Trainee: 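What follows is a structure written as structure tokens; I'll ask about it next.
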Amino acid sequence: MPDGEVPTSTRIELDSTVWNGRVPHQDMGRMDVSTSDIVEPGSRVKRLRSATAAAHDQLDRRVMAGQPFASLERYALFLQVQYRFHTRVDPLYRDGALGFFLPDLDGRRRLTLIAQDLRDVTGRIPDAAAEDGDAIDPVAGLGWLYVAEGSNLGAAILIKEARKLGLSEGHGARHLAGHPDGRGLHWRQFTTALDRIALAGDGEARAAAGATEAFRYVHRLVGDAFGG
């Protein structure tokens with residue numbers, strides 16, 4: 001077996017991890033997972049999509065009501081929302097235990113790109129942000145990552161709007177750029193790995209709750225930025 005490869009059906013327990021100097025609550029305890037080569041017909045990704053449909057729709061309507069591409073000033077507010085959200089989820093992308101199961105997780109980070117976009121648009125490098133809230137339970141974190149990665153898939157539409165403002169993948173809209181291998185393939189690599197993680201106990205419910213919480217969290221950030 002190659003070094004670093006996770007054997008199929010190996011069961012592990014991940015102890016609570018310290019993220020950003022904060023320790024998760026003790027009741028977050030451990031994450032019992034295993035990997036499987038079998039993807040069930042009712043995949044986790046489909047279940048997450050169904051469980052979060054209402055929250056996703058509400059967020060989409062709230063974002064578009066803010067007219068984030070009506071001007072550079074409005075777009076800067078959108079970038080602030082993205083920066084705050086990715087500040088919240090960035091520790092998940094950097095967590096080696098989660099990266100053991102999800103492909104190139106660290107390489108999918110977009111926080112630095114968003115910071116560069118803010119500098120391009122506003123002329124200012126953002127101060128290091130510290131979002132409120134306890135460290136995210138790693139099982140719930142699967143749901144948060146599902147939301148974050150899904151937003152990158154949807155960015156194919158947003159990049160077209162950004163170009164109308166004179167922005168591009170190299171200036172002001174870096175975080176909206178697609179992966180060199182293609183957005184679709186990059187997304188499928190993530191969802192295939194996500195589907196193959198077998199969660200114990202109430203893991204499915206916690207992952208779904210995490211995804212719903214992520215959508216609601218962004219909804220609140222949009223309200224903070226755009227008002228209303």
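Remember, predicted model here, so these are calculated numbers, not experimental data.
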Trainee: If we ignore hydrogens and angles and just use 3.5 Å, is the side chain of S50 paired with the main-chain N or O of K46 as donor and acceptor?
Mentor: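 No.
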Trainee: How many angstroms lie between CD1 in I159 and CD1 in I157, if you round to the nearest 0.5 Å?
Mentor: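 I159 atom CD1 to I157 atom CD1 measures 12.5 Å (nearest 0.5 Å).
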Trainee: Search all heavy atoms of A177 against all heavy atoms of N152 and return the closest pair with its distance.
Mentor: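 In terms of heavy atoms, the two residues are closest at O-OD1, 3.9 Å.
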Trainee: Quick one, Y146 and R49 - any side-chain contact, counting heavy atoms below 4.5 Å?
Mentor: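 Yes - at least one pair of side-chain heavy atoms lies under 4.5 Å apart.
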Trainee: Within the structure provided, determine whether R88 and Y217 are in side-chain contact (heavy-atom separation under 4.5 Å).
Mentor: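 Side chain of R88 against side chain of Y217, heavy atoms only: contact under 4.5 Å found.
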Trainee: What pair of heavy atoms forms the shortest contact from L98 to P138, and how long is it?
Mentor: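 Here L98 and P138 meet closest at CD2-O, 3.9 Å.
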Trainee: Below 4.5 Å, heavy atoms only, C-beta onward: do L105 and D95 meet side chain to side chain?
Mentor: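 Sidechains of D95 and L105: no contact.
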Trainee: Side-chain donor-acceptor pair under 3.5 Å between Q58 and H219, yes or no?
Mentor: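 The criterion, which ignores hydrogens and geometry beyond distance, is not satisfied for H219 and Q58.
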Trainee: Would you say the side-chain atoms of R74 pair up with the backbone N or O of G66, donor to acceptor, closer than 3.5 Å?
Mentor: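 Side chain of R74 to backbone of G66: a pair is present.
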Trainee: Would you give the length of the straight line joining atom CG of L102 to atom CG of L145, rounded to the nearest 0.5 angstrom?
Mentor: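 Taking CG in L102 and CG in L145, the distance rounds to 6.5 Å.
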Trainee: Looking at every heavy atom in both L48 and A208, which two are closest together, and how far apart are they?
Mentor: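 Taking every non-hydrogen atom into account, CD2-CA, 3.5 Å.
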Trainee: Which value, rounded to the nearest 0.5 Å, describes the distance between L77 atom CG and D224 atom CG?
Mentor: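 Going from the CG atom of L77 to the CG atom of D224 covers 11.5 Å.
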Trainee: Please test F226 against V63 for side chain to side chain contact (heavy atoms under 4.5 Å, CB included), starting from the C-alpha separation and ending with a verdict.
Mentor: CA-CA 9 Å; F226 291 92; V63 170; over 6 Å; no
Trainee: Take E213 and R216, measure what salt bridge (charged side-chain N to carboxylate O under 4.0 Å, His left out) needs, and give me the verdict at the end.
Mentor: CA-CA 5 Å; E213 182 183 4; R216 290 175 177 169; over 6 Å; no
Trainee: Using 0.5 Å steps for rounding, measure from the CG atom of D117 to the CZ atom of F78.
Mentor: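 Interatomic distance, D117 CG to F78 CZ, rounded to 0.5 Å: 10.0 Å.
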Trainee: For a salt bridge (charged side-chain N to carboxylate O under 4.0 Å, His left out) check, start with the C-alpha distance between D104 and R108, then their side-chain angles and the critical distance, and finish with the verdict.
Mentor: CA-CA 6 Å; D104 188 31; R108 292 171 179 268; 5.3 Å; no
Trainee: With rounding to the nearest 0.5 angstrom, report the CG to OG1 distance, D90 to T112.
Mentor: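 It is 7.0 Å, given to the nearest 0.5 Å.
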Trainee: Taking the side chain as C-beta and beyond, is there a heavy-atom pair between L142 and L199 under 4.5 Å?
Mentor: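 With C-beta onward as the side chain, the pair touches.
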Trainee: Is there side-chain contact between W187 and H179, with at least one heavy-atom pair below 4.5 Å?
Mentor: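 The answer is no, as the side chains (C-beta and beyond) never meet within the 4.5 Å cut-off.
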Trainee: CG/L153 to CZ/R188 distance, rounded to the nearest 0.5 angstrom?
Mentor: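 It comes to 9.5 Å.
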Trainee: Which atom names give the shortest non-hydrogen contact between R183 and A155, and what distance separates them?
Mentor: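 In terms of heavy atoms, the two residues are closest at NH1-CB, 3.6 Å.
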Trainee: Membership question, hydrophobic clusters at under 4.5 Å side-chain separation (ILVMFWY): are F190 and V45 in the same one?
Mentor: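 V45 and F190: one cluster.
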Trainee: So, does D181 use its side chain to make a donor-acceptor pair with the main chain of H186 at under 3.5 Å?
Mentor: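 Side chain of D181 to backbone of H186, a donor-acceptor pair under 3.5 Å: no, none is there.
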Trainee: Are L113 and V89 co-members of a hydrophobic cluster defined by side-chain heavy atoms under 4.5 Å apart?
Mentor: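 No, it is not one cluster - the side chains of V89 and L113 are not joined through contacts under 4.5 Å.
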Trainee: Please determine whether side chain to side chain contact (heavy atoms under 4.5 Å, CB included) holds for the pair L72 and L167, giving the CA-CA distance in whole Å, both sets of side-chain angles, and the decisive distance to 0.1 Å.
Mentor: CA-CA 9 Å; L72 283 175; L167 306 173; 4.1 Å; yes
Trainee: Does any part of the side chain of Y93, heavy atoms only, come nearer than 4.5 Å to the side chain of E149, both counted from C-beta?
Mentor: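 E149 reaches Y93 side chain to side chain.
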Trainee: Can you hop from L176 to M64 via hydrophobic side chains spaced under 4.5 Å?
Mentor: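 Yes; tracing contacts between hydrophobic side chains, which count when under 4.5 Å, links both residues.
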Trainee: Within the structure provided, determine whether D106 and R94 are in side-chain contact (heavy-atom separation under 4.5 Å).
Mentor: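 They are in contact (side-chain heavy atoms under 4.5 Å apart), so the answer is yes.
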Trainee: Shortest non-hydrogen contact from V147 to A214?
Mentor: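 The pair with the smallest heavy-atom distance is CG2-CB, 3.8 Å.
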Trainee: Are any non-hydrogen side-chain atoms of R44 and I197 less than 4.5 angstrom apart?
Mentor: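 R44 reaches I197 side chain to side chain.
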Trainee: Would you check if the side chain of R62 reaches a backbone N or O of V218 as a donor-acceptor pair within less than 3.5 Å?
Mentor: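 Here the side-chain-to-backbone pair does not exist.
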Trainee: Could you tell me whether a side-chain N or O of S151 sits under 3.5 Å from a main-chain N or O of A148, the two making a donor and an acceptor?
Mentor: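 It does hold such a pair.
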Trainee: Looking at every non-hydrogen atom in both residues, tell me the closest pair between F215 and A55 and how far apart they are.
Mentor: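 Looking at all heavy atoms of both residues, the closest pair is CB-CB, 3.9 Å.
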Trainee: Please check: side-chain N/O of Y75 versus main-chain N/O of G172, any donor-acceptor pairing under 3.5 Å?
Mentor: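 Answer holds: yes.
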